[in-house]
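What follows is one structure encoded as structure tokens, with my remarks underneath.
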Amino acid sequence: MKASSSRSASLSSSSSSLFLFLALFLLYGHGYAEEDLPCIPKDTGHSSYVCVCNATYCDTLHRPAVPPEGQYLLYSSARNGGRFEKTLGFFAGRGEAVPRSVEFILDTHTSCQTMMGWGAAFTDSAAYNILSLSHASQDQLLRGLEYNLGRLNMGGCDFSWRTYTHVDTPGDTNLDTFALQPEDLEYKIPVVKRAQAMSERPIKLFASPWTAPPWMKTNNDYHGFGQLKEEMYQPWARYFVRFLDDYAAQNITFWGLTAQNEPLDGYVPGFSFSCMGWTAEQQRKWVAGNLGPALREGGYGDVVLMIMDDQRINLPSWPQVVLGDPEAAQYVQGIALHWYMDKYFTPEVLTETHELFPDYFILGTEACEGDGPLEVDVVPGSWERLEAYARDIIVDVNHWVTGWVDWNLALDMTGGPNWAENFVDAAILVDKGAVRLSITSPHEGKVSAAAFRNPDGTYAVVLLNRSDLEEMVTVQETQVLYVVQVNTGD
Ligand SMILES: *[C@@H]1O[C@H](CO)[C@@H](O)[C@H](O)[C@H]1NC(C)=O
Ligand SMILES: *[C@@H]1O[C@H](CO)[C@@H](O)[C@H](O)[C@H]1NC(C)=O
Ligand SMILES: *[C@@H]1O[C@H](CO)[C@@H](O)[C@H](O)[C@H]1NC(C)=O
């Protein structure tokens, strides 16, 4: 940091919704600053707007040069204002009067946790959405995100278009039929490699399973109330090793693992999407007796293992059970946390957990909006959703959380795809453009049609004529006669 701590920056805030990001930290600039590319706003009819990117343009921030001594850089975004607008300001001098303001005292001598970073999940659906774009648009989406954490689903999750695991052959406890799936080979791996190639820093990848193969479970299903059968504890631990081996064969190395995504879901009767139930005691036993030793024997003793991967409500009780056992604790490095229902549980449980287990990091591993049954799935340009994210991140990091990983890196405009119809919001939405419309004919014949509404509001109707005779076609828009009489002849 350049300024001395006695200096202060006073910022006028004309709008209560001003969202400030003050770049006081030391940035390793290149000595010059490339021009930032501004947001191309699009009104979506919600509380704020979205920034539109296409194949040739995306708003981009360049790493700024360190401001001169006595000056600071301010990036600000506002509901009705700009996005990451950069201004250079001067610190008020020592003892200089500053206007009445909300005061914060920054103590540069009190250091807390070391941050691990930020990221999002390369789910099957995120990869599918990204690959649906043109190559140039994919680059625009992945470039400049500066995420250094990435989560992958190990086997299918709800953000997949089908249910599957890597060993769906019942009874194959030797894992002879274990195989990476098209979702890995054709979707996630290519996208991860593109992101890695474009990133200036290494991306720490971690994998989370949603469910074991149904035949390993008490309910023989991918979802619903079901747990791992005890005789499957060892095959399920070896499944993790095979997953790491098979990804390594594709040149993808994992930094970490979570033992199970949301282990309590599989104790909820009728739970609607991919899950498997664990109590903290069951997870303790399995980590100590099976997963930890299997990873070590498989050559993955240095892969970071995170427990819990669930909500604040489990703190500090879950880590107390698992980390309270030295046999299990020796294999664990971190506690993974989801944000759902954060408003009902005080962040003090995070501090309490940190104080009980200061040697174990806490990492936010999942968050999204639009998940509640009464919530709208996708609200592009929602300022309230931005505020909720920003506030949760700020509260979490001030309570010892070392980083925050968003849920799907990108979703489509409906918040999917999701086989269980558990559609949610995402920070990046892929607008594939046209929306298909219903078009029907009372006489199913040799002429077929498909219709679309384009993003610019125009309509496209595609006709196919398989008839040998000349056909006249009439397209009628619901009631009103609209486009008329197209001669399909050549
Ligand atoms: C992409 O976006 C830029 C900036 O809005 C615009 O100038 C350009 O025409 C767009 N390109 C296409 C193909 O729409
Ligand atoms: C992995 O990397 C090696 C060495 O660069 C290369 O020869 C091999 O083809 C790669 N394998 C895959 C599946 O990408
Ligand atoms: C389409 O319509 C024309 C008549 O205009 C006809 O001659 C032709 O064979 C039809 N079918 C195809 C496949 O072109």
Side-chain angles (χ1 to χ4, degrees), residues 34-46 48-62 77-78 80-86 122 124 127-145 150 152-155 166 175 177-207 240-255 298-300 302-303 380-381 410 412-413 427-435 452-460:
E34 244 179 293
E35 247 347 90
D36 292 339
L37 301 178
C39 165
I40 303 297
K42 182 185 175 190
D43 185 7
T44 48
H46 298 292
S48 190
Y49 57 86
V50 296
C51 300
V52 179
C53 297
N54 63 21
T56 56
Y57 187 94
C58 198
D59 48 293
T60 306
L61 294 181
H62 292 289
S77 300
N80 302 312
R83 290 287 182 271
F84 295 104
E85 282 184 346
K86 186 169 75 176
F122 295 95
D124 296 349
Y128 172 88
N129 288 324
I130 292 167
L131 291 178
S132 75
L133 296 166
S134 69
H135 205 269
S137 298
Q138 292 172 26
D139 284 353
Q140 293 286 0
L141 189 153
L142 294 169
R143 184 185 300 132
L145 272 178
L152 274 77
N153 51 296
M154 183 193 300
H166 294 294
L175 313 183
T177 60
F178 186 105
L180 296 187
Q181 298 295 306
E183 286 83 347
D184 304 287
L185 299 167
E186 291 164 29
Y187 293 88
K188 285 179 290 191
I189 290 173
V191 171
V192 165
K193 286 189 174 174
R194 293 276 296 286
Q196 286 176 327
M198 261 183 265
S199 178
E200 287 179 21
R201 299 176 291 175
I203 301 173
K204 289 179 168 150
L205 298 173
F206 63 99
F240 279 59
V241 174
R242 269 302 298 272
F243 177 85
L244 296 173
D245 282 345
D246 285 23
Y247 261 81
Q250 298 295 323
N251 292 337
I252 292 198
T253 309
F254 282 88
W255 160 79
Y300 298 107
D302 57 350
V303 173
D412 68 20
M413 296 303 287
I428 299 173
L429 296 171
V430 172
D431 191 347
K432 298 187 186 87
V435 176
F452 306 89
R453 182 176 48 242
N454 292 318
D456 65 2
T458 60
Y459 294 89

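For ligands, and for the atoms within them, numbers begin at 1 and follow the listed sequence.
Counting non-hydrogen atoms of neighbouring residues, nucleotides and ligands closer than 6.0 angstrom, the CZ atom of Phe240 exceeds 12 such neighbours.
Between Cys58 and Cys51, the gamma sulfurs sit at a distance of 2.5 angstrom or greater.
Checking atom 2 (O) of ligand 1 against the protein gives a heavy-atom contact under 4.0 Å. Atom 11 (N) of ligand 1 is flagged as protein-proximal [any protein heavy atom, distance under 4.0 Å].
Counting atoms of ligand 2 from 1 in the listed order, those under 4.0 Å from a heavy atom of Ala249 are 13 (C). The Tyr57 neighbourhood of ligand 1 comprises atoms 2 (O), 3 (C), 4 (C), with distances under 4.0 Å to a heavy atom of that residue. Using a 4.0 Å cut-off to heavy atoms of Thr56, the atoms of ligand 1 that qualify are 1 (C), 11 (N). Those atoms of ligand 2 with a heavy atom of Lys193 less than 4.0 angstrom away are 14 (O). Listed by atom number, the atoms of ligand 2 under 4.0 Å from Asn251 heavy atoms are 1 (C), 2 (O), 3 (C), 8 (C), 10 (C), 11 (N), 12 (C), 14 (O).
At the shortest separation from atom 5 (O) of ligand 1 among protein heavy atoms lies Ile40 CG1, 3.6 Å. Closest to atom 6 (C) of ligand 1 among all protein heavy atoms lies Asn54 ND2, 4.2 Å.
Checked by atom type and distance alone, the side chain of Arg242 pairs as donor or acceptor with a backbone atom of Phe178 at under 3.5 Å. Checked by atom type and distance alone, the side chain of Lys86 never pairs as donor or acceptor with a backbone atom of Leu61 at under 3.5 Å.
Within the 4.5 Å cutoff, side-chain heavy atoms of Tyr247 are placed close to those of Ile189.
A side chain to side chain contact (heavy atoms under 4.5 Å, CB included) with His166 is found for exactly one of Asp184, Thr177, Leu175, namely Asp184.
A salt bridge is defined here as a Lys NZ or Arg NE, NH1 or NH2 lying under 4.0 Å from an Asp or Glu carboxylate O, and Asp59 with Arg83 fails to meet this definition.
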